[in-house]
Trainee: 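Quick one: this structure, given as structure tokens, is what I'll be asking you about.
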Number of protein chains: 2
Amino acid sequence: MANSDISQPLMSANLSMLAFQRLEQAIMAGELQPGERLSEVTLAKRYGISRGPLREAIGRLEGRNLVERVANQGARVVSLNEAQILDLLVIRESLEGMACRLAATRIKPAELKRLHGMLDSHARDARVVSEKGYFQGGGDLDFHYRIVRASGNERLIKMLDEDMYSLLRLFRQRLSTAPGRPAQALEEHRVVLAALDARDPDAAEAAMRTHIRNSRASINHIIAVRAEAEVA
Amino acid sequence: MANSDISQPLMSANLSMLAFQRLEQAIMAGELQPGERLSEVTLAKRYGISRGPLREAIGRLEGRNLVERVANQGARVVSLNEAQILDLLVIRESLEGMACRLAATRIKPAELKRLHGMLDSHARDARVVSEKGYFQGGGDLDFHYRIVRASGNERLIKMLDEDMYSLLRLFRQRLSTAPGRPAQALEEHRVVLAALDARDPDAAEAAMRTHIRNSRASINHIIAVRAEAEVA
DNA sequence: TAGGCGTAAACTGTCAACAATTACGAGGGC
DNA sequence: GCCCTCGTAATTGTTGACAGTTTACGCCTA
């Protein structure tokens, strides 16, 4: 899933892990939508396994906050309301700001060059220029992903790349960008990259946090608009 | 465990949840030490349950990064090296800084008063005055805990109070304070509280981050000292 | 005596059956 | 007609047994 790492340890051979990965993937792909119930017999039959390993897989998903369970009533894909999504974005601002700070001193010149190429490519991208809003799951996430990886803090990388981004992707339909946002986002990306070029940790963290805060504010705008629409 | 919340939903009645809670507690209490192997048959027998629910519980713990599993070889309590602990503390600096920022605008006057009382009590505490190092799991964590709760961001509260603190408590023997640190820490707490009093988000975040960064540096010192000792 | 091989024990992984709880619908009472 | 109750079906919770893998021990050989 857009994860170019080939070296996935491929630690499986046991059905429990396999079921976990397939379930996670199904949730991420929207095959299982937020709030949807996870029937044990159905899923076990679909994956051709017994309910034992399946329950174990569901347990792991529960530990990662991807599903919620109520006793004797089954598990559901987690469903976040607007306030919870905003809470999540606040956390993302904090963590990714720190990641960007670390990257400022640790990122390698070759990676910097690659990021420059990326932004140049974005500038030529019709979807940015025409402001139609493309910044979901495309080049935008790739830019963030690479900076986070450059932080060198393995746990931080895992929290953001594996948990945070995948969770936010779940609600991407509610994270549509406000008009004019893509062009502004690209400009903010350039500010972030300039700070990294300058090897300035304070500026890098500040730039990234501003970027994410603006993005969050644009979501806020959307929500307000939708709320009005619902009243009408 | 020092969690004064009475209203724990007490959602059990199923053995899997019960096993999960008991295992988590056992790990936190040091009954099961980092790196120790989790034998399924032994634990199942000890808790008087079958291996099915137990495996489910272990799965949940794995999802929360409290245990690691290798195929056909069993699960172990997670064990972090010094670098990983430092990585964790960097993340804590980031998240708790944000929590403190949020608390600056959201904390209630009554809670502020309580924090003042707490620090005054710390100042009278013999262990702080004599600089013998008490700041592990005692009043220090309570101070942080209350500020985090005041942030109002439920997910952030969960990440810090449930995941981060409990994980760090696991390695408290390696987080012993440097000489003179308790008194300094108390002073830093006062700076944090002053910023909260002033309702100044920037100052609050900065003060908290400085506090945690200093604490991390003191750990660094300890590690360096121990490394020397090992050479000798 | 040291090293390698083979067997056996212990452990994890998986399954199908059983128990308990919940949800749903039909029937009867008010 | 509406609501409560009871019974049945469906679903989750749990168990003990079976299969596959790893590990450890002892024996044999060089």
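Naming: A, B, ... by sequence-line order, numbering from 1 per chain. Just so we're clear, the structure is a prediction, and the values are computed from it rather than from any experiment.
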Trainee: Give the nucleotide from the list D/dT15, D/dG13, C/dT14 with an atom nearest to the side chain of A/Ser16.
Mentor: C/dT14

Trainee: What is the nucleic acid contact for B/Ile58, judged by heavy atoms within less than 4.0 Å: base, sugar-phosphate only, or nothing?
Mentor: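 Nothing, no heavy atom under 4.0 Å.
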
Trainee: Counting heavy atoms from C-beta on, name the nucleotide in D/dG13, D/dT15, C/dA16 closest to the side chain of A/Arg55.
Mentor: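 In terms of side-chain proximity for A/Arg55, the closest of D/dG13, D/dT15, C/dA16 is D/dG13.
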
Trainee: Are any of the side-chain nitrogens in B/Lys158 or B/Asp163 under 4.0 Å away from the carboxylate oxygens of its partner?
Mentor: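 Here B/Lys158 does not pair with B/Asp163 in a salt bridge, since their nearest N and O are not under 4.0 Å apart.
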
Trainee: In this structure, how many angstroms lie between the P atom of D/dT21 and the CD atom of B/Glu40, rounded?
Mentor: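 That distance rounds to 17 Å.
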
Trainee: Roughly how many Å is it from CG in A/Leu43 to C1' in D/dT11, rounded to a whole number?
Mentor: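 Computing the A/Leu43:CG to D/dT11:C1' distance gives 13 Å.
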
Trainee: Ignoring the backbone of B/Arg69, work out which of D/dG16, D/dT12, C/dG13 is nearest its side chain.
Mentor: C/dG13

Trainee: By nearest atom, which of the nucleotides D/dT11, D/dT14, C/dT14 is closest to the B/Leu15 side chain?
Mentor: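 The answer is D/dT14, which lies nearest to the side chain.
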
Trainee: Within this structure, what is the CZ-to-C1' distance between B/Arg37 and C/dA10, rounded to whole angstrom?
Mentor: 9 Å

Trainee: Counting only side-chain N and O atoms of A/Arg51, is one of them less than 4.0 Å from OP1 or OP2 of D/dT15?
Mentor: no

Trainee: Tell me: CG of A/Leu18 to P of C/dT12, nearest whole Å?
Mentor: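 In whole Å, C/dT12 P and A/Leu18 CG are 21 Å from each other.
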
Trainee: In this structure, how many angstroms lie between the C1' atom of D/dG13 and the CG atom of B/Leu54, rounded?
Mentor: 15 Å

Trainee: Identify the two heavy atoms, one from B/Pro34 and one from B/Val78, that lie closest to each other, and give their separation to 0.1 Å.
Mentor: CB-O, 3.4 Å

Trainee: Could B/Arg51 and A/Glu56 be called an ion pair, given the rule that one side-chain N must be under 4.0 Å from one carboxylate O?
Mentor: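 Salt bridge absent between B/Arg51 and A/Glu56.
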
Trainee: Using atom CE of A/Met17 as one end and atom C1' of C/dT12 as the other, report the distance to the nearest whole Å.
Mentor: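 These atoms are roughly 13 Å apart.
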
Trainee: Please classify the nucleic acid contact of B/Pro53 as base, sugar-phosphate, or nothing, using heavy-atom distances under 4.0 Å.
Mentor: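 Base, at least one base heavy atom under 4.0 Å.
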
Trainee: Check this for me, if you would: do B/Arg55 and B/Glu40 make a salt bridge, where the nitrogen-to-carboxylate-oxygen distance has to be below 4.0 angstrom?
Mentor: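 Judged by the 4.0 Å cut-off on N to carboxylate O distance, B/Arg55 and B/Glu40 do form a salt bridge.
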
Trainee: Is there a donor-acceptor contact under 3.5 Å linking the side chains of A/His122 and A/His189?
Mentor: no

Trainee: If you round to the nearest 0.5 Å, how far is CG of A/Leu86 from CD1 of A/Ile91?
Mentor: 11.5 Å

Trainee: Figure out the CD/P separation between A/Glu56 and D/dT12, and round it to whole Å.
Mentor: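 It works out to 17 Å between those atoms.
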
Trainee: As a test of reading the structure: which of D/dT15, C/dC15, C/dT12 is closest to the side chain of B/Val41, going by heavy atoms?
Mentor: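 It is C/dT12.
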
Trainee: Is there a donor-acceptor contact under 3.5 Å linking the side chains of A/Arg60 and A/Ser16?
Mentor: yes

Trainee: Anything under 3.5 Å between a protein N or O and an N or O of nucleotides 20-24 of chain C, put it in a table, one pair a line.
Mentor:
unit_1, atom_1, unit_2, atom_2, d
C/dT21, O3', A/Asn72, ND2, 3.2

Trainee: Looking across every strand, which nucleic acid part, if any, lies under 4.0 Å from A/Gly52 by heavy atom: base, sugar-phosphate, or nothing?
Mentor: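 Nothing: the residue A/Gly52, judged by heavy atoms under 4.0 Å, touches no strand.
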
